[in-house]
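Structure first, then comments.
Read the numbers this way: they start at 1 and go in the same order the structure lists the ligands and their atoms. Along the sequence shown, residues are numbered consecutively beginning with 1.
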Amino acid sequence: MSDCVYLDHNATTTVRPVAIDAVRDALMLTGNPSSVHSHGRLARRIIEDARDDIGHLVGANPNDILFTGCGTEANNLALRGAPVDNYYVSATEHHAVLMANEKSQSIAVDNDGLVDLEALDRLLSAASGRSLVSIMLANNETGVILPISDVVRIAKEHGALVHCDAVQGAGKMAIDMATLGLDLMSLSAHKLGGPQGVGALIAKAGLDIAPILRGGGQERRMRAGTENVAGIAGFGAAAREATNGLDQMAQLSTWRDQLIANIRRLAPVRVFGEASERLANTVCISMPGVSAETQLMAFDLAGISVSAGSACSSGKVEASHVLAAMGVDVEEALSAVRVSFGWNSEAEDGQKFVDAWAKIYAKTGAMPAQAMAS
Ligand code: PLP
């Protein structure tokens, strides 16, 4: 795999060496964190240290953190367990939010992927009972950063709770849960350099979340089951390193913008959500007239791993609900590929992608000869 280029860090990013060490060290120990003896107390210590590191990354009170089995579970816990009557979710949320509660209602987004704040205000004005608004920090497909502080302001005017799916944004951009006034936030370890299969729901003190898993009294009685101590140790170590690496992640916009500029020399491409502030590591870009399915196979043959957004879990690429909500027509949406850099990406990765892009585009016969020569 050494010659291969991995540009799919939004799907999952490379586990950081410090997280691997933390997982291994924790696995070498014996002890259930609920046991009161010294072995149990050591396991408990590992969990509490990780809570501190994760709280520090996102400006949350460590005591408010509930460990879960993944980001999907955290979103389900928020969307099913929060003590509210109505649920409003933006149209471009991840399926882990969209599918979590059949009662949830959609809030439209504009062509730039930003949530329609007037629509949100209207929905909350018309609601009876208590509401929860769920808005992601940054979109996994386009990287578009959502206007969370405006959403919180409007929600609070209506006494609504706000949940933020920060799975993609955390570790890639600074965020402070307390300053923003969020009530709930979801995180996932494997998106920021920790292991897969561990996540967290941060639920502000005083909010009673009805558990989905029932059994023991772990995690403030809101998430039964012995905690994944090793996974949590890796999550904490990754969060610590991600906190120190936020500036480095912000620098990735240089490579992202270079990649876009180089492709624009070859063809009139569309960058989805381009007018909005976006994650520095992410670009979702069309290849005129070439389906994402064809591109993915060709990029794979060229040793480059990218993705077609989130809608290819069954192996078949379908038009993305995110791009559809942004008003993109189906044909253009089906030509969209997502490139996402990560903490360990290298300077030449973007150019290797562009070189492969040029070859794939040329093979379709769509590229003008003049552009090919340059
Ligand atoms: N939310 C967003 C925005 C995501 O991008 C993802 C994963 O792609 C999830 C939630 C689900 O996280 P997990 O893979 O930990 O279940």
*Which ligand 1 atoms does Ser188 reach within 4.0 Å, using its non-hydrogen atoms?*
13 (P), 15 (O)

*Taking only Lys NZ, Arg NE, NH1 and NH2, and the carboxylate oxygens of Asp or Glu, determine whether Arg51 and Asp64 approach each other closer than 4.0 Å.*
no

*What atoms in ligand 1 come closer than 4.0 Å to a heavy atom of Cys70?*
15 (O), 16 (O)

*Identify the two heavy atoms, one from Ile135 and one from Val151, that lie closest to each other, and give their separation to 0.1 Å.*
CG1-CG1, 3.6 Å

*asked:* Does only the side chain of Asn75 get under 4.0 Å from ligand 1, or the backbone, or both, or neither? Count heavy atoms.
replied: side chain

*Taking it one step at a time, do Val337 and Met287 satisfy side chain to side chain contact (heavy atoms under 4.5 Å, CB included)?*
CA-CA 8 Å; Val337 159; Met287 185 185 283; over 6 Å; no

*Quick one: does Lys191 get a heavy atom under 4.0 Å from ligand 1?*
yes

*Nearest atoms (heavy-atom pairs only) where Leu252 meets Gly342*: CD1-O, 3.9 Å

_Minimum-distance protein heavy atom relative to atom 3 (C) of ligand 1_ = Asp165 OD2, 3.4 Å

*Please state which protein non-hydrogen atom is closest to atom 14 (O) of ligand 1 and give its distance, to 0.1 Å?*
His190 NE2, 2.9 Å

*Just by distance, with hydrogens left out, do His190 and Thr12 show a side-chain donor and acceptor under 3.5 Å apart?*
yes

*Which atoms of ligand 1 have any heavy atom of Met136 under 4.0 Å away?*
3 (C)

_For atom 13 (P) of ligand 1, what is the closest protein heavy atom, and at what distance to 0.1 Å?_
Gly71 N, 3.6 Å

*asked:* Any nitrogen or oxygen of Asn10, side chain or backbone, less than 3.5 Å from one on ligand 1?
replied: no

*Is a salt bridge present between Lys156 and Asp183, judged by a nitrogen-to-oxygen distance below 4.0 Å?*
yes

_For Val167, the ligand 1 atoms whose distance to one of its heavy atoms is below 4.0 Å_ = 1 (N), 2 (C), 4 (C), 6 (C), 9 (C), 10 (C)

Under 3.5 Å, side-chain donor or acceptor atoms of residues 52-63 against the rest of the protein: list the pairs with distances, not counting sequence neighbours.
| residue | atom | partner | partner atom | Å |
| --- | --- | --- | --- | --- |
| Asp53 | OD2 | Arg240 | NH1 | 2.7 |
| Asn61 | OD1 | Asn63 | N | 2.9 |

*How far does CG of Asn281 sit from CG of Asn10, to the nearest 0.5 angstrom?*
5.0 Å

_Students should be able to answer this: which protein heavy-atom is nearest to atom 5 (O) of ligand 1, and at what distance?_
Gln168 NE2, 2.9 Å

*How would you list, by chain and number, every residue that makes a salt bridge (Lys or Arg N to Asp or Glu O under 4.0 Å) with Arg122, sequence neighbours excluded?*
none

*asked:* Heavy-atom contact check, 4.0 Å cutoff: does Gln196 meet ligand 1?
replied: no

*Just which atoms of ligand 1 are under 4.0 Å from any heavy atom in Asn140?*
3 (C), 5 (O)

*Among all protein heavy atoms, pick the one closest to atom 4 (C) of ligand 1 and tell me residue, atom and distance.*
His94 CD2, 3.2 Å

